[in-house]
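Input: a single structure, listed below in structure tokens.
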Amino acid sequence: MKSFNLLVLMVTVFLIACAPQEVPSDPPPVIGQLKVGFDIDDTILFSRDNFLKAPHMSDDPDHVDFGWVNMHDSLYSVVIQPTADLIGFLHAGGHEVYFITARPGTNGEAVGRFLSLKLGFPVVLGENLFFSAKKKDPVSGHRFTTKHELISKLGLHIFYGDSDTDMIAASIAGVRGVRVVRDARSVEAYSKNYFGDTRSAPAPKAPYSEKTYQQFLSSGVGPYGETIYPIYFAEPAVSD
Ligand SMILES: [Mg+2]
């Protein structure tokens, strides 16, 4: 009898050990509450001057000291007011706002402090502020966005951004991407990754010209743009 009790005890312990473990889960979503993501550069911050003044780590114009950039938004970056108004509107309505940037994250807390000050609510690294640098594909050598991983993980519903990669990341994550039209001075300074590069000579990687881009803008796109990719124009209506 003793050995039978021992067997029952062992089987019980075994079954408990095999039972699925309770995994702590996030709180259930609030029905109707949006989780909205925003890119930073040229979406909530006009940061061209910050990048122009930043020290470079090499002769490569893209090899910027991002640790310095992240510390100097308060001196050289300006909030893009229509985007700040939209963020304020969402925040006041009880929706959640997140920021995802492709800047490397060195000194990233400083970006959070600056955005908190300007937007009037806490923007905290690892909570609603994330750094998601591009990754180079070892085979092709192309650098691809990684923002879609965070967009999915955070369960965002909409993602606002200015660049081609923002639209691509939203698309891969399966959420609505909305293009914020980039300031003309940033198009001048950083035309890469914007409708392919409207300032470049025509090439397979840059099929859209400055003229096409201006047509796009003149067709009534507002500050929040549209998810048009590639550029598309409706033919003007012909009256009989
Ligand atoms: Mg941007």
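Just so you know, ligand 1 is whichever comes first in the structure, and atom 1 is the first atom listed for that ligand. Numbering starts at 1 and runs along the sequence shown. Here the structure is a predicted model, which is why all the values come from computation and not from measurement.
- In terms of distance to the Mg ion (ligand 1), the nearest N, O or S atom of Asp39 is named OD2.
- For the Mg ion (ligand 1), the N/O/S atoms of Asp42 include none lying under 2.8 Å.
- Between Arg182 and Asp42, at least one side-chain nitrogen of the basic residue sits less than 4.0 Å from a carboxylate oxygen of the acidic one, meeting the salt-bridge criterion.
- Classification of the Tyr194-Tyr213 ring pair by plane angle, with boundaries at 30° and 60°, yields perpendicular.
- Backbone or side-chain N, O or S atoms of Asp166 do not reach the Mg ion (ligand 1) at under 2.8 Å.
- Restricting Asp41 to its N, O or S atoms, the one at the least distance from the Mg ion (ligand 1) is O.
- In summary, Asp166 and Lys147 engage in a salt bridge, as defined by a charged side-chain N under 4.0 Å from a carboxylate O.
- One finds no salt bridge joining Lys118 and Asp73 here, because no Lys/Arg side-chain nitrogen approaches an Asp/Glu carboxylate oxygen to under 4.0 Å.
- Among heteroatoms of the N, O or S kind in Asp162, OD1 lies nearest the Mg ion (ligand 1).
- Note: Trp68 and Tyr76 have parallel aromatic rings, judged against thresholds of 30 and 60 degrees for the angle between ring planes.
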